[in-house]
Amino acid sequence: MSERDLIQELKSTIKDLSDEKEDLLKTIKQKESRIKTVMIKLEHATHDVESVGHKIEDQNKEIAKLKEKLKDKNK
């Protein structure tokens, strides 16, 4: 191979590697965006579960109060 051919091949390889690097960076950004979206959804779900837990706790307290009132009425 001549020097010119080697230089051309080197340029082609550099271009291919640069394109591949750009594609990989784009893929990384897309995956990071998906991860952020999933994390936000997870946070919302966690808050929803906590909220439901508090509501259940409040309802259990109310049920306990009503049971006490019912016991008092039966006595």
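As the structure is a prediction and not an experimental result, all values here were calculated from the model. Worth knowing before you read on, the calculation uses all heavy atoms, side chains too, and leaves out hydrogens, waters and symmetry mates.
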Exercise for the section: Mind running side chain to side chain contact (heavy atoms under 4.5 Å, CB included) on Ser51 and Lys55 for me, showing each step along the way? Expected result: CA-CA 6 Å; Ser51 177; Lys55 287 180 181 179; 4.0 Å; yes
Exercise for the section: Report the distance from atom CG of Leu6 to atom NZ of Lys11, rounding to the nearest 0.5 Å. Expected result: 12.5 Å
Problem - side chain to side chain contact (heavy atoms under 4.5 Å, CB included) between Lys36 and Met39, intermediate numbers included - result: CA-CA 5 Å; Lys36 286 179 185 178; Met39 290 300 293; 5.6 Å; no
Fill in the blank from the handout: Taken to the nearest 0.5 Å, the spacing of Ile7 CD1 from Glu9 CD works out to 11.5 Å
Handout entry: Atom pair CD1 (Ile63) and CG (Leu70), whose distance is rounded to the nearest 0.5 Å
Key = 12.5 Å
Practice task
With side chain to side chain contact (heavy atoms under 4.5 Å, CB included) as the test, would you mind laying out the steps for Lys21 and Leu25 before giving the verdict?
Solution key: CA-CA 6 Å; Lys21 178 184 171 186; Leu25 288 172; 4.2 Å; yes
Problem - Side chain Ser12, main chain Gln8, donor-acceptor under 3.5 Å - result: no
Handout entry: Interatomic spacing from CD in Glu62 to CD in Gln59 - rounded to 0.5 Å
Key = 9.0 Å
Exercise for the section: Working to the nearest 0.5 Å, report the span between CG of Asp72 and NZ of Lys67. Expected result: 14.5 Å
Handout entry: Interatomic spacing from CG in Leu17 to CG in Leu24 - rounded to 0.5 Å
Key = 10.5 Å
Handout entry: Audit row: Glu22, Lys26, salt bridge (Lys or Arg N to Asp or Glu O under 4.0 Å) steps and yes/no
Key = CA-CA 6 Å; Glu22 288 176 19; Lys26 184 178 177 183; over 6 Å; no
Handout entry: Main-chain N/O of Lys29 paired with Ser33 side-chain donor or acceptor, under 3.5 Å
Key = no
Handout entry: Over 12 non-hydrogen atoms of neighbours within 6.0 angstrom of CD in Glu3
Key = no
